[in-house]
Amino acid sequence: MYRTIYNGELRISDINKEVELVGWVAKKRNLGSLTFIDLRDRTGICQIVFKENDLEFASKLRNEYVIHVFGKVIERESKNKNLPTGDVEVLVSKCEVITTSETTPLIIADETDALEDTRLKYRYLDLRRPIMQKKLFERAKITKTMRNFLDDEGFIEVETPVLGKSTPEGARDYLVPSRVHPGEFYALPQSPQLFKQLLMIAGFEKYYQVARCFRDEDLRADRQLDFTQVDIETSFMSEQEIRRMTEKMLYKVMKEVKGIEIKIPFNEMTWQEAMDRFGSDKPDVRFGYELNDLSDIFKNSEFKVFKECLINNGLIKGIVIDNQASMSRKDIDKVTELAKKYGAKGLVVLKFINNNFEGSAAKFISELEKEALVNKLNLKEQDVLFIVSDKFNVVSDVLGFLRCYFAKEKGLIKPNTFAFLWVIDFPLLEWNDEDNRYYAKHHPFTLPKMEDLPLLDTDPGKVRASAYDVVLNGYELGGGSLRIYDPKLQEKMFEVLGFSEQQIKDNFGFFVDAFKYGTPPHGGLALGLDRVAMILTGSDSLRDVIAFPKNASAKCPMSDAPSKVSDKQLKELHIKITD
RNA sequence: GGUCUUGUGGUGUAGUGGUUAACAUGUCUCCCUGUCACGGAGAAGAUCGCGGGUUCGAUCCCCGUCAAGACCGCCA
């Protein structure tokens, strides 16, 4: 036996107990004939004291040594109100060094000085920091709460294969070469989509899985190569029922993990409304700065930029930022640069000062237009109006970004506020100019809205889907849909997407076959567990809630993966490196 | 694939066309009986990412390269 109690659990009620403790030396304070050591384990730290005969031993102890301590719990002469264990300390009677430690390359404390690269290289030390442990404990609690909820609701957890079949749609697949079948490859799942639908056909009715998913795309602060989804599928449930159930689950998570009672049901917004008002299909609704359509006001504009935009079926929209008129030429240039990054050709900036507009484009605005703007936008002194004129997508992207940018700049985003939202009625399809065809916005198995079915032949881009996303603070937490269960409709979908008979057979043959044998209406959703954990722990990056993440260039700085393999391995896999 | 930013003792930063390369923290030694970001005194520790160029002289300017970060593209 190593310990009788955890370090972080010692309290005044333990006084006079003889205890055994283990842990890491977090800090040593040598006062001459008295030495204090903060001993850390996963529960926290407690102070141990060395006196008299033990002082020589204490002098040999260094940070991060693992030690085994025997002693008596005593009340402190001077207490520390900042520590849960601050009323007591352990007077050492015997101490053993279990293992020693070299000087660590980073400071093991909540406030470490190391950059992320160093932290990832020595991740096992980074994870020794109490704040990192707290985040992973919190993540585990989120998973556990979800599992408990789904178990209680009668769901069965089923594991689906990691080695599967490559599918053409969606993200780039991670491929795994087959040794037994030269020239053939497995793909790692981007999601267990097909399998969970097959489980519905099999008749399980309620399935879930905490599933690892893989996508070979570039990383971001909120994107990893491999990530975890809480994947859910149900039979015989309506869209509303699935949403209500998801809300109940998130309610429970928020209550048990954060102690916050969120409002359910969540607000709902159609995709069209989200795009029109916020320029995003995952809007952060913790602040305003909504988009306004100004096309009408400028319909007779003499301003060349606006005029040409409207002729080319574009539109003119703007956002109003309050108390922003003090921004300098330099600030405006910076914001314009950012806008260009999101595809804008330019940005019209109008300051509202002394009941008039200032800015390089102000001279192109007629008196009539000015009046209309002031009335429509309810402008106040020192407001600044940012206008973008372009195609719908560009206008939305740019203004959607700018509203978030200014909200951050102005500190409108308060920590520990959570704005959940459903975005519903997504478009079924998305046109791709490059490939000159439609792609499924969600995936090819998404059920179109029944009332929009006739449009599938006449105007496929207008068809809405029974698809929904749950959004939190501007992040897409997850999404789902009802699935097609009529083989004829599925055939039609493949047709609209431009798949040939052969392609369907090769890629989805087994799946299409299964639908011939009695398919229940079904649907579900998948929640990005990493993102939920990131937001609930108040982290800026997914990497803070994943134990061993990849860095931005898809490498693991600790293990140095990916790495070269031997010629022997390559030969077995029938693979040749060409460049 | 692209844009931008960064690279200086173990760690994190400052700085300069000619320096003994600065500061904090960490490390080591000595002193200290109530510390808890302990305090005091001292010491060690850096080919200024790598290669080339400009220059009498480059850590500094230029080019290339490598590495890291943020974002765009991409992520059904």
Side-chain angles (χ1 to χ4, degrees), chain A residues 26-39 45-52 55 59 62-64 74-83 85-86 89 91 101-122 125-126 167-173 190-191 193 213-225 227 334 337-344 394 397-398 401 405 426-430 432 434-435 437-446 465 467 476 479 481 493 497 526 528 540-541 543 551-555 557 560:
Chain A
K27 191 84 197 173
K28 185 166 83 168
R29 290 179 292 276
N30 179 359
L31 277 68
S33 52
L34 183 67
T35 294
F36 299 106
I37 278 177
D38 289 339
L39 193 65
I45 60 170
C46 92
Q47 177 166 280
I48 60 174
V49 201
F50 291 81
K51 285 182 178 173
E52 296 159 13
L55 281 167
S59 73
R62 298 285 180 268
N63 280 351
E64 302 311 318
I74 55 173
E75 190 168 2
R76 290 202 194 184
E77 281 178 35
S78 54
K79 295 179 180 177
N80 185 343
K81 292 274 170 282
N82 301 318
L83 271 183
T85 59
E89 63 194 4
L91 180 60
S101 169
E102 292 185 11
T103 303
T104 55
L106 51 93
I107 296 171
I108 314 288
D110 286 354
E111 296 289 329
T112 187
D113 55 359
L115 293 181
E116 197 176 40
D117 198 30
T118 311
R119 290 174 49 204
L120 290 184
K121 185 161 183 192
Y122 301 95
L125 296 178
D126 190 40
T167 50
E169 303 282 283
R172 204 173 285 127
D173 279 324
Q190 299 177 27
S191 88
Q193 185 61 34
C213 304
F214 305 84
R215 293 179 187 176
D216 186 6
E217 298 293 347
D218 285 358
L219 296 86
R220 288 283 194 284
D222 65 342
R223 263 165 34 192
Q224 280 278 312
L225 304 179
F227 57 99
K334 189 181 160 198
E337 275 311 304
L338 289 168
K340 283 183 178 165
K341 208 169 174 175
Y342 284 81
V394 174
D397 282 356
V398 175
F401 163 76
Y405 172 80
F426 271 75
L428 183 69
L429 303 162
E430 204 169 26
N432 183 299
E434 221 168 285
D435 300 345
R437 56 162 274 207
Y438 282 106
Y439 274 92
K441 193 163 172 68
H442 191 47
H443 54 60
F445 320 110
T446 307
E476 179 195 331
S481 64
M493 264 305 284
L497 291 171
D540 298 324
S541 167
R543 293 169 215 143
N551 71 8
S553 54
K555 294 202 94 166
D560 209 30

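It should be emphasised that the depicted structure is a prediction, and the values quoted were computed from it without experimental measurement. First the proteins, then the strands, lettered A, B, ... as listed; each starts at 1.
- Nucleic acid contact class of A/N63 (heavy atoms, under 4.0 Å, all strands): sugar-phosphate only.
- Using a 4.0 Å heavy-atom cutoff across all strands shown, A/R76 reaches at least one base atom of the nucleic acid.
- Across B/C75, B/G69, B/U35, the shortest atom-to-atom separation from the side chain of A/A552 is found for B/G69.
- Rounded to whole Å, the C1' atom of B/U13 lies 14 Å from the corresponding atom of B/G26.
- Considering only the side chain of A/Y342, B/C72 comes nearest among B/C75, B/G34, B/C72.
- Across all strands, A/L31 comes closer than 4.0 Å to base atoms (heavy-atom distances).
- Comparing B/C71, B/G73, B/U33 against the side chain of A/L34 picks out B/U33 as the nearest.
- Heavy atoms of A/K79 sit under 4.0 angstrom from at least one base atom.
- The base of B/G73 lies close enough to the side chain of A/D218 for a donor and an acceptor atom to sit less than 3.5 Å apart.
- For the pair A/D222 CG and B/C74 P, the interatomic distance rounds to 16 Å; values are reported in whole Å.
- In this structure, A/P444 and A/V49 both approach RNA chain B, and ranking their closest nucleotides by distance from the 5' end singles out A/V49.
- Atom CG in A/D38 sits about 13 Å away from atom C1' in B/G34, given to the nearest Å.
- Inter-residue side-chain proximity for A/T35 and A/K28 is flagged as met; some heavy-atom pair is nearer than 4.5 Å.
- Using a 4.0 Å heavy-atom distance criterion, A/F36 is classed as a base contact.
- Across all strands shown, A/R543 has heavy atoms under 4.0 Å from sugar-phosphate atoms exclusively, and none from any base.
- The residue A/L219 sits apart from the nucleic acid: no heavy atom pair falls under 4.0 Å.
- The NZ-P distance, from A/K121 to B/A68, rounds to 11 Å in whole Å.
- Contact annotation for A/T118: backbone-only contact, meaning every heavy-atom pair under 4.0 Å involves sugar-phosphate atoms and none involves a base.
- Spacing of P atoms, B/C38 relative to B/C60, comes out at 39 Å, to the nearest Å.
- Phosphate contact (OP1/OP2 of B/U35, side-chain N/O of A/N30, threshold under 4.0 Å): absent.
- Rounded to a whole Å, the CD1 atom of A/I107 is 12 Å from the P atom of B/U13.
- What separates CG of A/L55 from P of B/U35 is a distance of 17 Å, to the nearest Å.
- Residue A/R29 has a polar side-chain atom (N or O) positioned under 4.0 Å from OP1 or OP2 of B/C38.
- A/E89 comes within contact range of at least one nucleobase, with a heavy-atom separation under 4.0 Å.
- Across the protein-nucleic acid pair, A/L115 atom CG and B/G7 atom P stand 11 Å apart, rounded to whole Å.
- Ranking B/G34, B/A37, B/C72 by closeness to the A/K27 side chain, first place goes to B/A37.
- As rounded to whole Å, 15 Å separates atom P of B/C71 from atom OH of A/Y405.
- The A/A114 side chain lies nearest to B/U11 when the options are B/U11, B/U27, B/C36.
- Applying the salt bridge (Lys or Arg N to Asp or Glu O under 4.0 Å) rule to A/R62 yields no partners; only residues at least two apart in sequence or on another chain are considered.
- At the heavy-atom level, A/A221 lies under 4.0 Å from the strands shown only through sugar-phosphate atoms.
- Between A/T103 and A/L83, the residue anchored nearer the 5' end of RNA chain B, judged by the nucleotide with its closest heavy atom, is A/T103.
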(message) Checking A/R543 against A/E116 for the salt bridge (charged side-chain N to carboxylate O under 4.0 Å, His left out) test, could you report, in this order, the C-alpha distance in whole Å, the side-chain angles of both residues, the deciding distance, and whether it holds?
(response) CA-CA 9 Å; A/R543 293 169 215 143; A/E116 197 176 40; 2.6 Å; yes
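- With B/U35, B/A68, B/C28 as the candidates, the nucleotide lying closest to the side chain of A/S78 is B/U35.
- As judged by a 4.0 angstrom heavy-atom cut-off over every strand, A/S541 is placed among residues making no nucleic acid contact.
- A salt bridge is absent between A/R223 and A/D218: the closest approach of a Lys/Arg side-chain nitrogen to an acidic carboxylate oxygen does not fall below 4.0 angstrom.
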